[in-house]
Amino acid sequence: RPTSHQSFSQSFSQSVISQSVMMMMNEQSVLQLLLALSSADPQLRRPATQQLQAAKTTRGFFPALLQIVGGVGRHSDEVRLLAATQVKNGSQLLYMRMDDGDKQRVRQALLGFFGERSQPVFLVLSVAIAKIARREVLQQ
């Protein structure tokens with residue numbers, strides 16, 4: 001049986017996730033979504049998984065993920081790895097929908113991660129870079 005703290009926590013998390021998907025995504029709203037996705041509690045994880053699908057098409061989602069990945073000192077390596085995994089998983093589809101200016105900013109951001117100190121984060125980002133590069137080469 002959930003305690004009042006757990007009930008408040010669940011309703012607050014679900015509220016934050018729903019509100020963040022309805023508006024432009026920012027670093028904080030994406031962070032809340034990632035934390036809910038990584039929860040052991042299925043009551044939080046299930047709606048967060050559904051919200052992730054909607055968030056992927058929301059303006060600001062991809063840049064917010066990159067901000068979290070680059071948040072060394074602000075975010076744990078585990079959270080940064082979750083964000084990097086979302087970048088990798090959505091890199092081809094999300095990247096291809098961007099205009100040329102956004103693509104250039106994403107390329108610069110991703111190339112800035114070559115000095116990444118966390119090996120798992122670096123490896124996941126390397127795959128994202130390779131997926132984007134392959135897609136661009138095939139389109140030319």
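Side chains included, hydrogens not; waters and symmetry mates left out as well; all remaining heavy atoms used. Keep in mind that what you see is a predicted model, and the values were worked out from it rather than measured.
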From [X] [atom1] over to [Y] [atom2], what is the distance, rounded to the nearest 0.5 angstrom?
X	Y	atom1	atom2	answer
L52	K56	CG	NZ	4.5 Å
Q67	H75	CD	NE2	8.0 Å
L33	L44	CG	CG	11.5 Å
L81	Q86	CG	CD	10.5 Å

Pairs involving residues 104-122, ordered by first then second residue, that meet side-chain hydrogen bond (donor to acceptor under 3.5 Å, both in side chains) (sequence neighbours left out): D77-R117, R80-E116, Y95-R107, D102-R105, Q104-R107, R107-E136

Using the side-chain contact (heavy atoms from CB on, under 4.5 Å) criterion, which residues pair with [X]? Sequence neighbours excluded.
X	result
L110	L66, V87, V106, F113, L125, I129, I132
R135	Q92, M96, Q139
L82	L34, S38

Identify the heavy atoms of [X] and [Y] that sit nearest to each other, and give their distance.
X	Y	result
P42	A40	CD-O, 3.2 Å
M25	A55	CE-CB, 3.9 Å
T57	A54	OG1-O, 3.0 Å
S91	A128	OG-O, 4.0 Å

For residues 81-95, which residue pairs pass the salt bridge (charged side-chain N to carboxylate O under 4.0 Å, His left out) check, not counting sequence neighbours? none

Do the side chains of N26 and S29 get nearer than 4.5 Å, heavy atoms only?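 In contact.
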
Ignoring hydrogens and geometry, is there a side-chain-to-backbone donor-acceptor pair from T58 to F61 under 3.5 Å?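 It does not hold such a pair.
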
Just to verify, what does R74 make a salt bridge (charged side-chain N to carboxylate O under 4.0 Å, His left out) with, not counting sequence neighbours?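 Residues passing salt bridge (charged side-chain N to carboxylate O under 4.0 Å, His left out) with R74: E27.
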
Pair F62, V30 - check side chain to side chain contact (heavy atoms under 4.5 Å, CB included), show working. CA-CA 9 Å; F62 204 82; V30 173; over 6 Å; no

